K.L.:
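Here you go, one structure.
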Amino acid sequence: MNATLIFPTLEAVKEARKSIENVVNYTPLQYNSRLSDKFGANIFLKREDLQPVRSYKLRGAYNKIKTLFNEGKVSQGIVCASAGNHAQGVAFSCKQLQIKGTIFMPVTTPKQKLEQVEMFGGNFVEIRLAGDTFDASKNAALEFAKTSGAEFIHPFDDVQIIEGQATLALEILEQQKEAIDFVFIPIGGGGLASGIATVFGKLSQETKLIGVEPKGASSMRTSIDNNLNTELSEVDGFVDGAAVKRVGDLTFEICKNALEDCISVDEGKICETILQLYNKDAIVLEPAGALSISALEQYRDQIKAKNVVCIVSGSNNDITRMEEIKERALLYNGLKHYFMVKFPQRPGSLKDFVLNVLGENDDITHFEYTKKNSRETALAIVGIELSNPSDFNGLKQRMQQLGYFESYLNDNPDVLNMLV
């Protein structure tokens, strides 16, 4: 254990709660009957998507900045780096305390999150876009802090940030009077999980804490497996609120000992969860916000008849992403397939394909074709949506038997990423 690290304490979490109580909402812990029936358990959702900035990040950001404000350390302003939710918490805090803030965000940040940061911070914040990832933005923000004297507000690897996030754990234990068997916690850098572990480690030691990461950014799981905080060479940025190459040193030290398990969830499964929550529960979540609920399937047997809490961490989703979310969900469930198809260079070949290859309930949703007169056949990229994943083998066999099949593209991630 790193002896130089300062670890959060339960007493400090209680003080943080007093510091933030006039700014942060006491969010509901809602029983979800649909999920409870599905898994044969008592599933409760801690609705941090109902915070003023629509994520739990306000808790840690305000606690940290308010502490610096009280200590007179913000005369040169503050600076942070964030893919979105931390930035909004910082911006909201700057406006509340009337502090100048500079916020570095990746160039790839969804427009909706940029607009939200501007709205929450008003004239007190300036946004600077730097790099394609959180880590690149963080480096730019740290350099700015050195040259300007502004205080850097880390999104997760800071004891006062962690203590602020931990305040939601106090609420959970007040709201759920019966013993809590499992808490599923989304993990990006590990600040939220570390905060919950601090409180539950003192007040509810029998509760099993399950960390949940996106499959394409499993930095905490990798670090725990290596028993060393390990930086990933690359991450899938789709779950932008949890796509972190390297977790915090402090958060790693806490989580490696406190978590019962740390699992990863396929991004397609997360998309399926987002759509189900929207269509069936009227809950709008961002990908990171749906992480904890997406993990329940992996623990189906263990959670039967248990009391389970899922942290719903945020709802800052750009509506323009919904088509991609739907597409990823279809791919994950085996309902969307892309092929390279050979079409004879003759009139009626597409009609023959539709009549003789497609099943009754199959639908062409993507078609790219370029006619080349010097060849007998021409290639087309065809996307087909099925009503049942079991229809795939028959579709592919008919395509092969009739000479249309060239290649299957779902197994080629480079090509698929260009199509989705």
Side-chain angles (χ1 to χ4, degrees), residues 16 19-25 27 48-131 133-134 136-158 160-161 164-165 167 188-189 191-192 240-241 286 288-289 313-320:
S19 177
I20 70 176
E21 63 183 356
N22 293 326
V23 174
V24 171
N25 288 343
T27 56
E48 285 297 292
D49 57 304
L50 299 178
Q51 288 294 351
V53 299
R54 301 209 292 266
S55 88
Y56 73 93
K57 286 287 191 175
L58 177 59
R59 295 177 182 268
Y62 192 82
N63 185 54
K64 176 65 178 180
I65 296 171
K66 181 71 180 298
T67 300
L68 292 172
F69 178 80
N70 290 341
E71 294 172 351
K73 295 181 178 179
V74 294
S75 60
Q76 301 304 311
I78 59 100
V79 59
C80 78
S82 170
N85 287 342
H86 178 60
Q88 293 180 48
V90 168
F92 190 96
S93 302
C94 286
K95 190 173 183 180
Q96 285 285 318
L97 298 168
Q98 298 189 355
I99 296 170
K100 175 65 177 176
T102 304
I103 298 177
F104 285 79
M105 304 181 77
V107 176
T108 54
T109 302
K111 182 180 179 182
Q112 182 262 359
K113 289 192 175 183
L114 296 174
E115 293 174 345
Q116 290 294 105
V117 172
E118 292 174 348
M119 180 186 73
F120 288 125
N123 296 328
F124 291 95
V125 300
E126 176 190 355
I127 296 174
R128 298 192 184 187
L129 301 180
T133 65
F134 159 74
S137 292
K138 182 183 73 172
N139 292 335
L142 288 170
E143 184 62 31
F144 179 86
K146 286 181 184 178
T147 58
S148 69
E151 289 282 344
F152 179 70
I153 311 299
H154 200 287
F156 48 81
D157 204 28
D158 180 282
Q160 288 155 343
I161 291 286
Q165 320 300 30
T167 59
L192 176 61
D240 50 309
E286 63 184 278
S313 60
S315 65
N316 287 297
N317 202 7
D318 190 334
I319 193 65
T320 61

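Since the structure is predicted, the reported quantities are computational estimates derived from the model, not experimental observations.
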K.L.:
Looking at side-chain heavy atoms only, is the closest gap between V117 and I103 below 4.5 Å?
P.N.:
yes
K.L.:
Could you tell me whether the side chains of D318 and T320 share a donor-acceptor contact shorter than 3.5 Å?
P.N.:
yes
K.L.:
I'd like to know if the side chain of K57 reaches the main chain of P155, judged simply by a donor and an acceptor atom lying under 3.5 Å from each other, with no hydrogens or angles considered.
P.N.:
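Such a contact is found between K57 side chain and P155 backbone.
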K.L.:
I want to check something: taking the side chain as every heavy atom from C-beta on, are F120 and K95 in contact at a cut-off of under 4.5 Å?
P.N.:
no
K.L.:
Decide yes or no for V23 and F92: does some side-chain heavy atom of the first lie under 4.5 Å from some side-chain heavy atom of the second?
P.N.:
yes
K.L.:
Does H86 reach the side chain of I161, with side-chain heavy atoms less than 4.5 Å apart?
P.N.:
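Yes, their side chains come closer than 4.5 Å.
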K.L.:
Rounded at 0.5 Å granularity, tell me how far NE2 in H154 sits from CG in L142.
P.N.:
7.5 Å
K.L.:
For the atom pair CZ (R59) and CG (N25), what is the distance rounded to the nearest 0.5 Å?
P.N.:
8.5 Å
K.L.:
Measure the shortest side-chain to side-chain distance between L97 and V74 over non-hydrogen atoms and say whether it is less than 4.5 angstrom.
P.N.:
no
K.L.:
Side chains of K66 and I20, heavy atoms from C-beta outward: is any pair under 4.5 Å?
P.N.:
no
K.L.:
F124 and Q98: which non-hydrogen atoms are nearest, and at how many Å?
P.N.:
CE2-CA, 3.4 Å
K.L.:
Between G101 and C94, which heavy-atom pair has the shortest distance, and what is it?
P.N.:
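Shortest heavy-atom separation between G101 and C94 comes out as CA-SG, 3.9 Å.
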K.L.:
Could you report the tightest heavy-atom contact between S93 and A61, atom names first, then the distance?
P.N.:
OG-C, 3.9 Å
K.L.:
Enter the distance from F152:CZ to I78:CD1 here, rounded to the nearest 0.5 Å.
P.N.:
10.0 Å
K.L.:
For the side chain of Q160 and the backbone of N63, is there at least one donor-acceptor N/O pair under 3.5 Å apart?
P.N.:
no
K.L.:
Could you grab the distance from atom CD of E286 to atom CG of N85, nearest 0.5 Å is fine?
P.N.:
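Result: 4.5 Å between the selected atoms.
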K.L.:
Could you work out, with ring-ring contact (aromatic ring centres under 6.0 Å, His included) as the rule, every residue matching Y62, not counting sequence neighbours?
P.N.:
none
K.L.:
Using a 4.5 Å cut-off on heavy atoms from C-beta on, say whether the side chain of S148 contacts that of V79.
P.N.:
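Heavy-atom side-chain distance check fails, nothing below 4.5 Å.
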K.L.:
Shortest non-hydrogen contact from V53 to Q88?
P.N.:
O-OE1, 3.5 Å
K.L.:
To the nearest 0.5 angstrom, please state how far the CD1 atom of I99 sits from the CD atom of Q76.
P.N.:
12.5 Å
K.L.:
For S137 and A130, which heavy atoms make the closest approach, and how far apart are they?
P.N.:
OG-O, 2.6 Å
K.L.:
What's the separation between atom CE in M119 and atom CG in L114, rounded to the nearest 0.5 Å?
P.N.:
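Answer rounded to 0.5 Å: 13.0 Å.
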K.L.:
Looking at every non-hydrogen atom in both residues, tell me the closest pair between P106 and S82 and how far apart they are.
P.N.:
CD-O, 3.2 Å
K.L.:
With sequence neighbours excluded, tell me which residues meet side-chain contact (heavy atoms from CB on, under 4.5 Å) with D240.
P.N.:
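So D240 forms a side-chain contact (heavy atoms from CB on, under 4.5 Å) with P110, K113, R321.
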